[in-house]
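Notes follow the structure.
The residues of the chain are indexed from 1 along the displayed sequence.
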Amino acid sequence: KMIGEAHGIGDGSDVTAKIVSFLGVPFAHPPTNDFDSAGNVTHIRRWKAPEWAPTNWEARIQAKRFAPSPIQQIALDEASSSTRRSEDCLYLNIWTGYTDDAQPIKGNEQKPVLVFIHGGSFCQGGTKEAIYDCRYLAEKYGNDVVFVTIEYRLNLLAQFDFSDLFGTEEEKEAWKRDYPDHGRICLKDQQMALRWLRENVRNFGGDPDRITVSGESAGGISTFYLMAKYNHDENGNQLFQRAIPMSGAEISNSRADYTNAHHGAALCAALALTQGKEVGTYTTMDDLQKATEQELVAALMCPLEKVRKAGVDAKALLLSENKIVFDLFVRPLAEGREGEPDSTKYATAGTNVYDAIASTAHAVDLLTGTVGNESRYWANCFYPQPSAERPLDYFYKSYLPQT
C-alpha cells in the first residue's frame, strides 16, 4: 500500500484534473553500506551501481513528503542544497490523475509518462525545489499525463575517479574491477529509476511503453547519455521512447575538459583535516568506505587551500569564487565501450555520443533546444563582482551580455 496525497479539488479556476501525488517513492535499495557491530563494512554500496529492490506491495509506505536531497555543498542558487540531505537519496516522485473513487486511472486509460531529470552541474540540485514541483502541471494535465521527477547521486558520490590512490597498475586494475561503474553512478541511478517505472508505473495509471525522459542542463546531458547507452533494462527491454533534453548537450571530450580524476587523495586529506586528524589517516578505498555520512558532508566544505597547505596536490575546476575542494563541474565518465569504464572519451571507440545514439537499437523521438533566458539565472555566479576602480565594467561586459 502506498499512501499519497490528493490535490486539485476545485481550488482554482485552472484546475482541470483531480490528482494525487506520491512523494519519496523508493526505486532502489538505499546506496549505503552495511556495518557489523564492530563498525566493519559487511556490504559495500557506496560508489557502486544501485541495487534493485522490488517494491514490497504488502508494506505500507507513507509517500507524502519529499525524500532527502543527495549529499552536496550548500549553494545559494540551488535550493535543494539547503534542505535535508542524505546518502540515502534514491527516490522518485509521481503525480497522476485519479478517478472519483480515488484510484489511479488504469486499463485502457493508461497515460503517457513524462520523467524529468533536474540539473545542477552533476554537483548540486534535487527534486524538492518549487520549480520542479509537478503539482501545478498535473492539476492542468493530470488527466492526460503522469509526471515523474527523480533523485540521483551527485558530486563526490557519483562521478569521482580515485585512481590517484594507487601506486601500481595492479592496484589500479583491481580498483577498476571492484568499482566497474565509477564515474557514471548518476547514470546508473537514473537507469534504475526508469527500470522501476517500467515495472510499476501501471499502478499509477501510466503506460510503460509511452515514457518520455526530459531534463535541463545536467539533466539534458543525462538524457543524451541515457539515449546512447542506458535505454534498456537487464533483459534488453527499451526503457523510454521519447526524449526532450533542454539546455544540455554532451561533447566527446568530457574527461579531457572536465576532469573527474585525481581527487581520491584530496578527499582523504579533507576527511582527515575536517576531523582534526593527520593527513595520512585516510589512504585507501577501505578507509573511505568507513567514513560516515556526516564526515563526507564536512569534507565537501573543506577549503581548497587547506588541502594544498597540507601537501596534497588538489585540483579544482571552480564554478565560482567559492574555493571549495569539491566545488567542481564534473560530468559522467563517457566510456568508449561497455566494459571499458576507464576510457577517456567516446572517441576511444572511434565515435562520439551522438554517433552512439544514432547506432543504438533503441531509437527515440527527439525534441531538443535551449530554454529561454538560460544564462540569466547564472550571470551572478559565473562572473566576479565589480571592482571599486571600474564599477560599471562588470555590468556592461559581463552581466548585461549574459542576460
Q: Measure the shortest side-chain to side-chain distance between His232 and Gln238 over non-hydrogen atoms and say whether it is less than 4.5 angstrom.
A: no
Q: Using the side chain to side chain donor-acceptor pair (under 3.5 Å) rule, take Tyr282 and Gln275 through it: C-alpha gap first, then chi angles, then the decisive distance, then the call.
A: CA-CA 11 Å; Tyr282 296 87; Gln275 297 175 59; 2.8 Å; yes
(Q) Using only atom types and a distance under 3.5 Å, with no angle test, would you say the side chain of Asp164 pairs donor to acceptor with the backbone of Gly264? (A) yes
Q. Is the NZ atom of Lys290 crowded by more than 12 outside heavy atoms at less than 6.0 Å?
A. no
Q: State whether the side chain of Arg202 and the backbone N or O of Pro208 hold a donor-acceptor pair below 3.5 Å, judged by distance alone.
A: no
Q: May I ask you to decide whether Arg195 forms a salt bridge with Glu234, counting only side-chain N to carboxylate O separations under 4.0 Å?
A: yes
(Q) Working to the nearest 0.5 angstrom, can you tell me the gap between Asp287 CG and Thr284 OG1? (A) 3.5 Å
Q: Check whether more than 12 heavy atoms from other residues, nucleotides or ligands sit under 6.0 Å from atom CD of Glu278, and answer yes or no.
A: no
Q: Provide the closest heavy-atom pair for Ala310 versus Val279 in the form atom of the first, atom of the second, distance.
A: CB-CG2, 3.5 Å
Q: List in chain and number order the residues that pass ring pair (Phe, Tyr, Trp, His ring centres under 6.0 Å) with Phe66, two or more places apart in sequence or in another chain; answer none if no residue qualifies.
A: none
**Q.** Side chains of Asn40 and Phe35 in contact at under 4.5 Å (non-hydrogen atoms)
**A.** no
Q.
On a heavy-atom basis, which atom in Ala265 and which in Leu165 lie closest, and how many Å separate them?
A. N-CD2, 3.7 Å
Q: Could you please spell out the steps behind the side-chain contact (heavy atoms from CB on, under 4.5 Å) verdict for Tyr179 and Met285?
A: CA-CA 10 Å; Tyr179 297 89; Met285 289 299 294; 3.7 Å; yes
Q. How long is the span from the CD atom in Glu173 to the CG atom in Asp178, to the nearest 0.5 Å?
A. 11.5 Å
Q) Is the gap between the ring centers of Phe116 and Phe147 under 6.0 Å? A) no
Q. If only atom types and distance count, is the side chain of Gln72 paired as donor or acceptor with the main-chain N or O of Gly125 below 3.5 Å?
A. yes
Q: Decide if the gap between the ring center of His362 and the ring center of Phe240 is smaller than 6.0 angstrom.
A: no
Q. Quick one: do the Glu295 and Thr274 side chains pair a donor with an acceptor below 3.5 Å?
A. no
Q: Measure the spacing between CG of Asp233 and CZ of Arg198 and express it to the nearest 0.5 Å.
A: 6.0 Å
Q. Should Val113 and Val145 be marked as a side-chain contact (heavy atoms from CB on, under 4.5 Å) after you check the CA-CA gap, both sets of side-chain angles, and the distance that decides it?
A. CA-CA 6 Å; Val113 181; Val145 181; over 6 Å; no
(Q) Return the CD1 to CG distance between Ile150 and Leu194, rounded to the nearest 0.5 Å. (A) 5.5 Å
Q) Please walk me through it: do Trp52 and Glu199 pass side-chain contact (heavy atoms from CB on, under 4.5 Å)? A) CA-CA 12 Å; Trp52 177 255; Glu199 292 288 327; 3.7 Å; yes
Q.
Tell me if a side-chain donor or acceptor on Glu171 pairs with a main-chain N or O of Phe166 at a distance below 3.5 Å.
A. no
Q. Hey, are the side chains of Trp95 and Val146 touching, using non-hydrogen atoms and a 4.5 Å cut-off?
A. no
Q. Is Arg45 salt-bridged to Asp34, going by a charged N under 4.0 Å from an acidic O?
A. yes
Q.
As a quick check of understanding, evaluate ring pair (Phe, Tyr, Trp, His ring centres under 6.0 Å) for Tyr91 and Phe27, giving each step before the final call.
A. CA-CA 6 Å; Tyr91 298 86; Phe27 65 80; 7.6 Å; no
(Q) Is the distance between the ring centroids of Phe162 and Trp47 under 6.0 Å? (A) yes
Q. How close do Met192 and Pro50 get, heavy atom to heavy atom, and via which atoms?
A. CE-O, 3.3 Å
Q: Tell me yes or no: between the side chains of His118 and Gln124, is some donor less than 3.5 Å from an acceptor?
A: no
Q. What pair of heavy atoms forms the shortest contact from Gly97 to Lys111, and how long is it?
A. N-NZ, 3.1 Å
Q: Step through it carefully: locate the ring centre of Tyr230, locate the ring centre of Tyr225, and say whether they are under 6.0 Å apart.
A: no
Show me, pair by pair, the donor-acceptor contacts under 3.5 angstrom made by side chains of residues 363-370, not counting sequence neighbours?
from   : atom 1 : to     : atom 2 : distance (Å)
Asp365 : OD2    : Arg242 : NE     : 3.3
Thr368 : OG1    : Pro245 : O      : 2.8

Q) How far apart are the C-alpha atoms of Val148 and Val115, what are their side-chain angles, what is the distance that settles it, and do they pass the side-chain contact (heavy atoms from CB on, under 4.5 Å) test? A) CA-CA 5 Å; Val148 180; Val115 180; 4.1 Å; yes
Q: Return the minimal non-hydrogen interatomic distance between Pro180 and Arg177, and the atom names on each side.
A: CD-O, 3.5 Å
Q. Side-chain contact, heavy-atom cut-off 4.5 Å: Lys48 with Pro31?
A. no
Q.
Could you check whether any side-chain heavy atom of Arg84 comes within less than 4.5 Å of a side-chain heavy atom of Ser69, counting everything from C-beta outward?
A. no
Q) Quick one: CG on Asp189 to CG on Leu92, what's the gap to the nearest 0.5 Å? A) 11.5 Å
Q. What orientation do Trp175 and His182 show, parallel under 30°, tilted 30 to 60°, or perpendicular over 60°?
A. tilted
Q: Would you check if the side chain of Asn203 reaches a backbone N or O of Asn200 as a donor-acceptor pair within less than 3.5 Å?
A: yes
Q. Any sub-3.5 Å donor-acceptor pair from Ser217's side-chain atoms to Gly119's backbone N or O?
A. no
Q: Measure the shortest side-chain to side-chain distance between Leu296 and Leu157 over non-hydrogen atoms and say whether it is less than 4.5 angstrom.
A: yes
Q.
Quiz question: by atom type and distance under 3.5 Å, do the side chains of Thr149 and Asn93 form a donor-acceptor pair?
A. yes
(Q) Within the 3.5 Å criterion, strictly below it, is a donor on Asp209 or Gln241 matched to an acceptor on the partner's side chain? (A) no
Q: Tell me yes or no: between the side chains of Gln190 and Ser222, is some donor less than 3.5 Å from an acceptor?
A: yes
(Q) Let me confirm one number: the NZ-CZ distance from Lys128 to Arg65, rounded to the nearest 0.5 Å. (A) 7.0 Å
Q: Say whether, by atom type as modelled, one donor and one acceptor occur between the side chain of Ser86 and the main chain of Asp88 under 3.5 angstrom.
A: yes
Q. Minimum heavy-atom separation for Glu151 to Pro70, with atom names?
A. OE1-CD, 3.5 Å
**Q.** pair Leu288-Leu271: side-chain heavy atoms closer than 4.5 Å
**A.** yes
(Q) Less than 4.5 Å apart, side chain to side chain, heavy atoms only: is that true for Ile71 and Leu300? (A) yes
